[in-house]
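The next block holds one structure in the form of structure tokens; read it before the comments.
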Amino acid sequence: MSAFQIPQKMKALVKKQEGPSYSYVEIEVPEPGDGEVLIRVDAVAICGSDIALYNWDNVARVIATVPFIPGHECAGTVVKCGPNADIPLGTKVGVENHFFCGSCYQCLNEDGAICLNMGQYGHGKKTQHGGCSEYSIVPAKYLYRLTRDLDAEQIAMLEPLGVAHNAIERLHVRGQDILVIGCGPVGLMAQAVAKALGAKRVVAVDVEDSKLELAKTIGADVTVNSKQTDLKQFIAEFTNGVGMDRVCECSGASAMVNASCSFLRKGGYIGLVGLPKQPLHVENVLQDIIFKALTLKTVHGRLIFHTWEQSEALVADGKINVKAVISHRFPMSQFEEAFKTLFSGEACKIVIDPSK
């Protein structure tokens, strides 16, 4: 029995068929099965990848399967457990949206974050459930149980913060100068993580002054508008011709990804986080890659559950203010306005309240 009053019906966004937008509908509250948990969704954030799902473009056809409920950056409260699910009622949780299989080579070698048979919460891959609903079903093994006192918005932000943390941790930034390209939500959080993990100087790059102003409040020591400043010349002067110790590319702009290695010093580290939409081309392969003896790191999601633990601690200890990247908040009933705001380019991170 559940100690929570659970209604029979709930509101949810549903992608019923291929095509743009979602249906805002009332559906039955689902019942948790074996190993599953019913959570009350307290907050859900919109990710850049949700643009593809909303529009149902070619990317969406690869990463998602209809029908499904969107929303993978999710904070919830456990309100009911199915058989063999042992999470206490009332537990605050985040959802690890990479649903690892547990039996492939990666999973058996403690690398479930890049599972060969991965499903995705909020994408219709192995589950039709997602966070854009008042209640949601999640297998217990994919829930991160909070150990510190964070609110719903902070918990929802742990998923994208985890991507930034995973990238920055791999770059070994302590005592190093780092260039972070792109001041979207993950880029901004990468700057904050870099500073929290001991980077010497954090340089933020973007083409919009408003984003660079936000970067100054989050973790950047220096900001550069690459539309107004020759970035390669700036780096040469900033580093006395040596090059940056570390580069974290979060913009996904092909021109920037292509040029990123040229910004790096010999023996430096580069992390690719942004998602390029075009083929990559490096002009000077010998000078910018081979002869630099560089280290390239890429990430897909978080290390389960190491990254969650580290990210939770940084937020709880006040070392990172994840709410600083939240620019808009909407009730779920106004989802069209929320996506319109996202498409406008005016938003940083949007959080939705499924209860309204």
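The shown structure was predicted, so the numbers you read here are calculated from the model rather than taken from an experiment.
At least one donor-acceptor pair under 3.5 Å links the side chain of Asp206 to the backbone N or O of Cys183. A donor-acceptor pair under 3.5 Å links the side-chain atoms of Arg246 to the main chain of Leu171, judged by distance alone. Side-chain atoms of Gln106 do not come within 3.5 Å of backbone N or O of Asn109 as any donor-acceptor pair. Remark: side-chain polar atoms of Asn284 are not paired, donor with acceptor, to backbone N or O of Gln287 under 3.5 angstrom. For the pair Lys15 (side chain) and Leu53 (backbone), a donor-acceptor distance under 3.5 Å is present. The main-chain N or O of Met256 is never found under 3.5 Å from a side-chain atom of Glu249 such that the two would form a donor-acceptor pair. Of the possible donor and acceptor atoms, none in the side chain of Lys232 sits under 3.5 Å from a partner among the backbone N and O of Asp230. Of the possible polar contacts, one joining the His123 side chain to the Tyr121 backbone as a donor-acceptor pair under 3.5 Å is found.
Sorted by first then second residue, the ring-ring contact (aromatic ring centres under 6.0 Å, His included) pairs that include residues 203-245, not counting sequence neighbours, are Phe234-Phe238. Residue pairs meeting the side-chain hydrogen bond (donor to acceptor under 3.5 Å, both in side chains) criterion with at least one partner in residues 29-39, sequence neighbours excluded, are Glu31-Lys80, Asp34-Asn84. Listed by first and then second residue, the ring-ring contact (aromatic ring centres under 6.0 Å, His included) pairs involving residues 259-288 are His172-Tyr269 (not counting sequence neighbours). Listed by first and then second residue, the ring-ring contact (aromatic ring centres under 6.0 Å, His included) pairs that reach into residues 173-208 come to none, sequence neighbours excluded.
Put simply, the side chain of Cys261 does not reach to within 4.5 Å of the side chain of Lys292, judged on heavy atoms. Between Ser327 and Glu346, every side-chain heavy-atom pair lies at or beyond the 4.5 Å cut-off. Proximity of Tyr135 to Pro7: side-chain heavy atoms (C-beta onward) are separated by under 4.5 Å at one or more points. Counting heavy atoms from C-beta outward, His328 and Ile350 have side chains that approach closer than 4.5 Å. When side chains are defined from C-beta on, Ile69 counts as touching Ile27, because their heavy atoms get closer than 4.5 Å. Side-chain contact between Pro32 and Val37 is absent, with no heavy atoms from C-beta onward closer than 4.5 Å. Contact of the Gln120 side chain with the Lys126 side chain is not registered, since no non-hydrogen atoms from C-beta on lie closer than 4.5 Å. Side-chain contact between Pro88 and Val78 is absent, with no heavy atoms from C-beta onward closer than 4.5 Å.
More than 12 heavy atoms of other residues, nucleotides or ligands lie within 6.0 Å of CG in Asp317, so this atom counts as buried by the packing criterion. Other residues, nucleotides and ligands contribute over 12 non-hydrogen atoms within 6.0 Å of the NZ atom of Lys323. Heavy-atom neighbours of Gln278 CD from other residues, nucleotides or ligands within 6.0 Å: at or below the threshold of 12.
Annotation: side chain to side chain contact (heavy atoms under 4.5 Å, CB included) contacts of Lys11 (sequence neighbours excluded): Tyr24, Glu26, Glu134, Met332. For the salt bridge (Lys or Arg N to Asp or Glu O under 4.0 Å) test, residues two or more places apart in sequence or in another chain that qualify with Glu159 are Arg302. Taking Pro20 as the reference, nothing meets the side chain to side chain contact (heavy atoms under 4.5 Å, CB included) condition, with sequence neighbours excluded. A search for salt bridge (Lys or Arg N to Asp or Glu O under 4.0 Å) contacts involving Lys356 returns Asp353, not counting sequence neighbours. Qualifying salt bridge (Lys or Arg N to Asp or Glu O under 4.0 Å) partners for Arg329, counting only residues two or more places apart in sequence or in other chains: Glu153. Checked against salt bridge (Lys or Arg N to Asp or Glu O under 4.0 Å), Asp50 has no partners two or more places apart in sequence or in another chain.
Here Val273 is tied into one hydrophobic group with Val163, Val186, Val299, each link being a pair of ILVMFWY side chains closer than 4.5 Å. Connectivity analysis of hydrophobic side chains (ILVMFWY, heavy atoms under 4.5 Å, direct or indirect) links Ile114 to nothing; its cluster partners are none.
In this structure, His306 NE2 and His165 NE2 are separated by 5.5 Å, a value rounded to the nearest 0.5 Å.
The hydrophobic clustering, which links ILVMFWY residues whose side-chain heavy atoms are closer than 4.5 Å, places Val202 and Ile235 apart.
A salt bridge is absent between Lys200 and Asp245; no separation between the charged side-chain nitrogens and carboxylate oxygens falls under 4.0 Å.
Under the 30°/60° scheme for interplanar angles, the aromatic rings of Tyr142 and Phe100 are found to stand perpendicular.
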